[in-house]
Amino acid sequence: MLDIRAIRDNPTAVQQSLQARGGDHWLLVDQVLACDERRRLAETAKQDLQAARKRISKDIGRLKGQGQDTSAIETEVRALNEQITTLDAAADAAAAEQTTLLLNLPNLPHPACPLGSDEAANPVVREWGTKPDLAAPKDHVELALQHRLIHWDDGIRIAGSGFVVYRGQGARLERALINFLLDSQASNGYEEVNVPLLVKRECMEGTGQLPKFEDDMYGTDAGEEGVNHLFLAPTAEVPVTNLYRDTILSEPELPVRMVAYTPCFRREAGSAGRDNKGIIRMHQFDKVELVQIVHPDHGAEVLEQLTGHAESVLQRLGLHYRVIELCTGDIGFSSAKTYDIEVWAPGHGKYLEVSSCSWFSDYQARRMKLRFKDAEGNNRFPHTLNGSGTALPRLYVALLEQCQQADGSIRIPPALVPYFGADVISS
RNA sequence: GGAGGGGUGGUAGAGUGGUCGAUUGCGCCGGUCUUGAAAACCGGAGAGCCCGCAAGGGUUCCGUGGGUUCGAAUCCCACCCCCUCCGCCA
């Protein structure tokens with residue numbers, strides 16, 4: 001959520017910043033300002049009348065105590081009440097409309113964010129390692145079938161397309177990777193947390209998935225909208241960041257650093273037929289996620305640090321990858337600045353996104369009323385960040401494809417051997 | 001699922017129609033005292049919004065939402081949540 005005061009103070013700057021994203025979000029700015037104006041006028045008028053009512057009501061109490069007749073001024077208050085009711089309704093309506101508009105406004109891209117309209121404009125920031133020298137690389141589907149690691153037909157039988165079953169060494173490899181990632185990130189200084197996968201609507205609003213992207217989310221339909229309706233978390237970012245929704249941290253509690261493994265659930269509406277080979281785009285997938293809540297002074301540097309943490313696991317596995325920076329037209333709704341980490345998949349001949357590391361400035365904190373009390377005793381909004389550390393399926397793909405050997409076996413990277421219990425997968 | 005109890009400020013816990021946004025204990029912050037600390041004493045301290053350059057003023061908030069009333073933490077209704085016991089169950 002953007003700061004309404006900041007919008008009031010410099011609407012042109014806000015509009016220009018939003019225009020860099022492309023689309024027509026910026027047109028909402030004038031509507032928000034109009035709502036804000038109406039709201040404040042109504043609230044001010046209402047509060048003046050409420051002050052009068054309060055004063056008179058106290059008089060009534062006092063006069064009645066003295067046994068005097070108060071019927072005349074009671075009538076006066078009744079008239080005040082009618083006006084208050086009207087103004088209150090007007091203020092509430094304007095406030096509700098303003099909130100809706102603000103919830104639909106994305107974050108402002110950070111000035112350092114490269115300008116561009118789409119992913120073609122995303123600069124490569126750095127590369128690590130080199131592409132393995134493979135004569136005729138197989139893709140992960142072929143390798144997984146060959147070693148009976150992943151069963152697509154089982155997934156379809158149980159849940160339909162977009163779901164797979166890992167079996168035997170395939171399941172063991174998935175579990176080994178999860179444990180490896182959790183241990184690695186915990187040693188990078190993150191507290192491991194294990195959270196519910198079903199979350200309330202307000203959590204989804206807090207991190208910015210709702211109200212804009214409801215079509216992409218799975219939800220339970222038990223109960224009417226609002227009370228028992230829960231959403232399946234599309235990323236651990238939602239339950240983990242919202243652990244601190246509506247709280248006031250003390251400054252020494254910062255930074256908060258958490259890591260969580262969770263399955264993630266996404267409808268992937270509208271992406272049928274896209275990246276649908278193998279396990280690259282799934283309705284359910286595993287992910288290890290990093291979340292940080294930090295002092296606003298440190299947001300920028302922590303984004304670099306957190307991205308480094310995400311990269312560290314790829315380095316430990318010896319997988320070639322590159323880091324790209326998303327341009328203004330490609331960053332996510334809530335993000336101010338984002339790095340994507342793409343790991344090399346030789347069987348596909350392309351890089352796959354395994355991590356997206358974002359700095360949300362105070363956008364999410366505002367939405368979820370997450371604050372901290374600074375040294376002067378003022379309540380302020382901290383910055384939130386998160387990044388995958390990493391997503392499992394594409395890491396799995398990259399591992400199979402980069403570590404395949406001429407005889408078709410899969411070499412297990414040394415760092416993973418203690419988790420997997422063997423140094424090779426061969427049929 | 002059944003029965004009962006309860007949701008008040010960081011916390012514990014008062015408050016059953018009118019100077020109550022709220023007594024008090026603990027905890028916290030500042031000060032006095034002390035070589036320092038503790039103790040004791042004094043003082044401070046909730047959140048949001050509105051008006052204001054500011055100083056400051058106003059208003060709302062006692063689980064949530066309605067209602068009664070000139071006036072609601074206090075009365076009425078609905079809902080949510082928590083606790084205890086019973087039942088069921090991984």
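Please read all numbers here as calculations on a predicted model, not as lab measurements. Every chain is numbered from 1, with letters handed out A, B, ... down the list of sequences.
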Which pairs, protein N/O on one side and nucleotides 51-54 of chain B N/O on the other, fall under 3.5 Å?
{"residue": "B:C51", "atom": "OP1", "partner": "A:Arg40", "partner atom": "NH1", "Å": "3.1"}

**Report entry** Gap between atoms CG and P, on A:Asp88 and B:C50 respectively (whole Å)
**Finding:** 15 Å
Query - B:A38 to B:U32 separation - C1' atoms, rounded to the nearest Å - result: 15 Å
Query raised in the report: How far, in whole Å, is B:G25 from B:U19 if one measures between their C1' atoms?
Result: 25 Å
Report task. Could you work out the separation of B:A22 and B:C61 based on their C1' atoms and round it to a whole Å? Result -> 12 Å
Query - Pairwise C1' distance for B:C79 and B:G46, with rounding to whole Å - result: 27 Å
Report task. Report yes if the side chains of A:Tyr321 and A:Glu342 come closer than 4.5 Å at any heavy-atom pair, otherwise no. Result -> no
Requested in this report: Starting at atom CG of A:Leu80, determine the distance to atom P of B:U59, rounded to an integer number of angstrom.
Outcome: 13 Å
Report summary line: Between A:Ile4 and A:Arg62, the residue closer to the 5' end of RNA chain B by nearest nucleotide is A:Arg62
**Report entry** Euclidean distance for C1', B:G63 against B:U74 (whole angstrom)
**Finding:** 16 Å
Report summary line: Here the pair of heavy atoms bringing A:Ala52 nearest to A:Leu80 is CB-CD1, 4.1 Å
Requested in this report: Quote, to the nearest angstrom, the C1' distance that separates B:U69 from B:G30.
Outcome: 44 Å
Report task. Write down the distance between CG (A:Asp59) and P (B:U69), rounded to a whole number of angstrom. Result -> 21 Å
Query - Side chain to side chain, A:Thr384 and A:Gln292, heavy atoms closer than 4.5 Å - result: no
Query - Parallel, tilted or perpendicular: ring planes of A:Tyr419 versus A:Phe180, cut at 30 and 60 degrees - result: perpendicular
Query raised in the report: Which part of the nucleic acid, if any, lies within contact of A:Arg55, taking any heavy atom under 4.0 Å across all strands shown: a base, the sugar-phosphate backbone alone, or nothing?
Result: nothing
Requested in this report: State, to 0.1 Å, how close A:Ile410 and A:Leu400 come at their nearest heavy-atom pair, and which atoms those are.
Outcome: CD1-O, 3.7 Å
Requested in this report: Measure from CE on A:Met1 to P on B:C49 and round the result to the nearest Å.
Outcome: 10 Å
Query raised in the report: Tell me, which of residues 96-107 of chain A have any heavy atom that sits under 4.0 Å from an atom in RNA chain B?
Result: none
Distances under 3.5 Å between nitrogen or oxygen atoms of protein and nucleotides 70-72 of chain B:
{"residue": "B:C70", "atom": "OP1", "partner": "A:Arg78", "partner atom": "NH1", "Å": "2.4"}
{"residue": "B:C70", "atom": "OP2", "partner": "A:Arg78", "partner atom": "NH1", "Å": "3.2"}
{"residue": "B:C70", "atom": "O3'", "partner": "A:Asn81", "partner atom": "ND2", "Å": "3.3"}
{"residue": "B:C70", "atom": "O2'", "partner": "A:Ser57", "partner atom": "OG", "Å": "3.3"}
{"residue": "B:C70", "atom": "N4", "partner": "A:Lys64", "partner atom": "NZ", "Å": "3.1"}
{"residue": "B:G71", "atom": "OP1", "partner": "A:Asn81", "partner atom": "ND2", "Å": "3.0"}
{"residue": "B:G71", "atom": "O4'", "partner": "A:Ser57", "partner atom": "OG", "Å": "3.4"}

Query raised in the report: Under 3.5 Å, is there a donor-acceptor pair between the A:Glu119 and A:Asn122 side chains?
Result: no
Query raised in the report: Taking the same atom, C1', in B:U24 and in B:G18, what whole-Å distance lies between them?
Result: 23 Å
Query raised in the report: What class does the angle between the rings of A:His25 and A:Phe333 fall in, given that below 30° is parallel, 30 to 60° is tilted and above 60° is perpendicular?
Result: perpendicular
Requested in this report: Classify the nucleic acid contact of A:Arg39 as base, sugar-phosphate or nothing, counting any heavy atom under 4.0 Å across all strands shown.
Outcome: sugar-phosphate
Query - Given RNA chain B, 5'-ward residue of the pair A:Lys54 and A:Lys373, judged by closest heavy atom - result: A:Lys373
Query raised in the report: What is the distance from CZ of A:Arg371 to C1' of B:C49, rounded to the nearest Å?
Result: 13 Å
**Report entry** Interatomic distance at C1', B:C77 relative to B:G87, whole Å
**Finding:** 31 Å
Query raised in the report: Does anything in residues 143-160 of chain A pair up under salt bridge (Lys or Arg N to Asp or Glu O under 4.0 Å), and if so which pairs, sequence neighbours excluded?
Result: A:Asp154-A:Arg157, A:Asp154-A:Arg167
Requested in this report: Give me the ring orientation class for A:His309 and A:Tyr190: parallel if the planes are under 30° apart, tilted from 30 to 60°, perpendicular past 60°.
Outcome: perpendicular
**Report entry** salt bridge (charged side-chain N to carboxylate O under 4.0 Å, His left out) partners for A:Asp286, two or more places apart
**Finding:** none
Query raised in the report: Are A:Tyr396 and A:Ile279 close enough that some pair of their side-chain heavy atoms sits under 4.5 Å apart?
Result: yes
Query raised in the report: Any luck finding a side-chain donor-acceptor pair between A:Glu304 and A:Tyr339 under 3.5 Å?
Result: yes
Requested in this report: May I ask you to say whether A:Arg8 pairs ionically with A:Asp36, meaning some side-chain N is under 4.0 Å from a carboxylate O?
Outcome: yes
Query raised in the report: According to a 3.5 Å limit on both distances, what stems of 3 or more consecutive Watson-Crick or G-U pairs are formed with RNA chain B?
Result: B:1-7 with B:80-86, B:10-12 with B:24-26, B:28-32 with B:40-44, B:46-51 with B:56-61, B:63-67 with B:75-79
Query raised in the report: Between A:His283 and A:Tyr218, how do the two ring planes meet: parallel, tilted or perpendicular, split at 30° and 60°?
Result: perpendicular
Report summary line: Here the pair of heavy atoms bringing A:Lys337 nearest to A:Ala112 is NZ-CB, 4.3 Å
Query - Whole-Å distance separating the CD atom of A:Gln47 from the P atom of B:C61 - result: 11 Å
Report task. Please report, rounded to the nearest Å, how far the C1' atom of B:G48 is from the CG atom of A:Asp92. Result -> 14 Å
Requested in this report: Return the value, rounded to whole Å, for the distance between atom CD of A:Glu202 and atom C1' of B:C81.
Outcome: 12 Å
